[in-house]
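Everything on this sheet refers to the single structure shown next.
Chain identifiers are assigned alphabetically (A, B, ...) following the order of the sequence lines, protein sequences preceding nucleic acid strands; residue numbering begins at 1 within each chain.
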Number of protein chains: 2
Amino acid sequence: MDGRGKTAATVTLAEVAAAAGVGESTVSRVLRNHGSFSAKTRDRVMEAVNRLGYVPNMIAGTLASAGSRLVGIVVPSFSNIVFADVLRGASQAMEGSGHQAVIGVSDYDPAREEELIASMLSWRPAAILLAGLEHTERARAMLTGGGARVAEMLDIDGPGLDLVVGFATAETGRASARHLLARGYRRIGYVGHDLTRDTRAAKRLAGFEAALADAGLALTDRDIAPVPSSVEVGRDGLDRLLARAPDLDAVYFSNDDMAVGGYFLCLSRGIAIPDRLALFGYNGLDVARLTPQPIATIRTPRVRIGELAAQLALSGAPAQTVDVGFEVIEGATA
Amino acid sequence: MDGRGKTAATVTLAEVAAAAGVGESTVSRVLRNHGSFSAKTRDRVMEAVNRLGYVPNMIAGTLASAGSRLVGIVVPSFSNIVFADVLRGASQAMEGSGHQAVIGVSDYDPAREEELIASMLSWRPAAILLAGLEHTERARAMLTGGGARVAEMLDIDGPGLDLVVGFATAETGRASARHLLARGYRRIGYVGHDLTRDTRAAKRLAGFEAALADAGLALTDRDIAPVPSSVEVGRDGLDRLLARAPDLDAVYFSNDDMAVGGYFLCLSRGIAIPDRLALFGYNGLDVARLTPQPIATIRTPRVRIGELAAQLALSGAPAQTVDVGFEVIEGATA
DNA sequence: TGTCCTTTTGGCAGCGCTGCCAAATGAATT
DNA sequence: AATTCATTTGGCAGCGCTGCCAAAAGGACA
């Protein structure tokens, strides 16, 4: 009554063994290419496998051998290209090694992340990959249980649970500020999105402000919308900001989506970039590189991060923190 | 020697049962809130669960009960927002119902998709969600096995295996052509990306050309780059196309990323839109809606498609094809 | 207090596979 | 032909959980 009609009786390894006239363990060895068996036996087994359309049952295999080939990945969002890139890298690394990704979306909610971690752990994954270092107390406790390797990605500003692969998040904010200061900008504003959820954006801003403070300056004004980042939010945020502080000479955006929105606003309004107003983003997004004036931003090796995290976690590397660095893209908007 | 040290001995249900002084099946019933048990028993069990930090083993549970709570999803790419949206919708629908997504990326390669389907099937998923209707013969055969529900998403132009949720792909191309024709454009070009891999883009173009043919017209020229779509490829494609056919009055792009690239080229070159050249995209992307002139495009309910596909597949709905439709966005570039 | 029915509980046989061990087979050597 | 050693093979006990069934414990009522 649940629509999952078991019409085609599932073929089991035992049936394959019977059909091939060999023992179960022999079939198992052949299928996993593990242990020794004669060429003749292998052919007999493979013939039976193909004839019966046998599909191995990983569930049973995993239970018997303890240790699955699943890798749990929890990201805050699918829509943000940052996580898409990280996932792509991780997928690449898992390809071939026979691992499968079980993916969950936390929607930037630590409680939801905790839930997802709990249910992933119940699949006894070989590793769990997470974004950032901030997790609930209970999540940390579950993760420290020791069952699975843990890799925290993107941010290395703090202590990790096991593997940490990323870059110095606050430092990207500092670097952005230094870039603007070096170019002579002094009346600097900030346009951002929900910082309580996006803790890494908050860390960037903190770094940015720290660098300003080092130069004896402070943000002239800021506009922070309590919603997820988007092109639209960036555009409207800059609009509001300029209404309040028309004499800004530069704006730091919480990321490139936001900055592109700001850029579009300037285009529409005929605001000269960078002479009248400089823009600085974050992420090194494709679209931000291809606007008529490439947007000044910071590029981070996201695909590499996902790849490296998966690689290290699955290869049994010792607990460590890897700094993959970042790169300031000068662009033409600052 | 593989780094997956089982330091913390895994707590089993039997241990919880012993600690709580009840039988195993009682613990199982309490944990799944299934069957009957007294409030007192429940408290005793939960206390033991929390004290021991018990994490249920889904692998064992699934094996015992036959029928997993995993849902396999194969998408062509992570980077394309289309699939990110579909995944988001599917995730939403699975949330709460206790299902987990096992996700694989085929990179638009049917052979790779087949491999992924095979390995997902070995996890005995409750359902498999796929993009499009084109699959290898062997993939179709495996899917028809009956073990899992199948939902093919995004495209409904053809026969499906089980559930099909999407819209008429070729018709989107037709609608785009009709829109341009109705506005009086006659010298129309096409800028596209690798059509052998992206079969849905090919179907759109076929529909577009069919509608032109109905009006006694044909594409004036086309530029098809044998690479994945991107803003850059769209920009460069339009550049080449205009070099060859400077008198075009409108261009149809394979999608919005490409169209945004074309739009940026026009901005840089000072090409007046839409008077000198009209642009038409596909996808209804956020960024395309927010350019100074919103790009004419077609919006498809992608999140809804993922959501509906997962919903139907997991609720045991009968095999069917659902047309969720699409919408022409007039924009300001055509 | 005894009877009957409902609710609650525990025991245990699998689910399909792998890992271990012992047995069988074959090849090489005396 | 007998012995030794390496290779190949099969049997079977779990892995941790669920589903079934029978047994125990309560409750209602006579």
Could you give the [atom1]-to-[atom2] distance, from [X] to [N], as a whole number of Å?
X     : N      : atom1 : atom2 : answer
B/E15 : D/dC17 : CD    : C1'   : 13 Å
A/N57 : D/dC15 : CG    : C1'   : 13 Å
A/L52 : C/dG16 : CG    : C1'   : 15 Å
B/R44 : C/dT9  : CZ    : C1'   : 11 Å
B/F37 : C/dG10 : CZ    : P     : 13 Å
A/L31 : C/dT18 : CG    : C1'   : 12 Å
A/E24 : D/dA13 : CD    : P     : 12 Å
B/I59 : D/dC17 : CD1   : P     : 11 Å

From the set [options], return the single nucleotide nearest to any side-chain atom of [X].
X     : options                : answer
A/T12 : C/dG16, C/dC15, C/dT18 : C/dG16
B/L13 : D/dG14, D/dC17, C/dT9  : D/dC17
A/S65 : C/dG19, C/dG16, D/dT18 : C/dG19
A/H34 : D/dC17, C/dG19, C/dT8  : C/dG19
B/S38 : D/dC17, C/dT9, D/dT8   : C/dT9
A/S28 : D/dT7, C/dT18, D/dG16  : C/dT18

Task: A/H135 and A/E113: CA distance, side-chain angles, deciding distance, side chain to side chain donor-acceptor pair (under 3.5 Å) verdict - done: CA-CA 8 Å; A/H135 317 292; A/E113 187 192 58; 2.9 Å; yes
What I want to check is whether an N or O donor and acceptor connect the side chain of [X] with the base of [N] at under 3.5 Å.
X     : N      : answer
A/S25 : D/dG11 : yes
A/R29 : D/dG10 : yes
A/R32 : C/dG19 : no

Task: Derivation of the side chain to side chain donor-acceptor pair (under 3.5 Å) call for A/R29 and A/S36 - done: CA-CA 7 Å; A/R29 275 187 295 258; A/S36 57; over 6 Å; no
Open item on the list: Considering every strand and a 4.0 Å limit on heavy-atom distances, what is the contact class for B/S36: base, sugar-phosphate, or nothing?
Closed with: base
- [ ] Grab the two heavy atoms, one from B/V55 and one from A/M142, that are nearest each other, plus how far apart they are.
- [x] CG2-CE, 4.5 Å
- [ ] Check B/N80 against B/S77 and note the closest heavy-atom contact, atom names and distance.
- [x] N-OG, 3.2 Å
TODO: Determine whether the side chains of B/S38 and B/T41 contain a donor N or O and an acceptor N or O closer than 3.5 Å.
DONE: yes
Task: B/V27 vs B/R124, nearer the 5' end of DNA chain C by closest nucleotide - done: B/V27
TODO: Taking only the side-chain nitrogens and oxygens of A/T26, find out if one of them lies under 4.0 Å from OP1 or OP2 of D/dG10.
DONE: yes
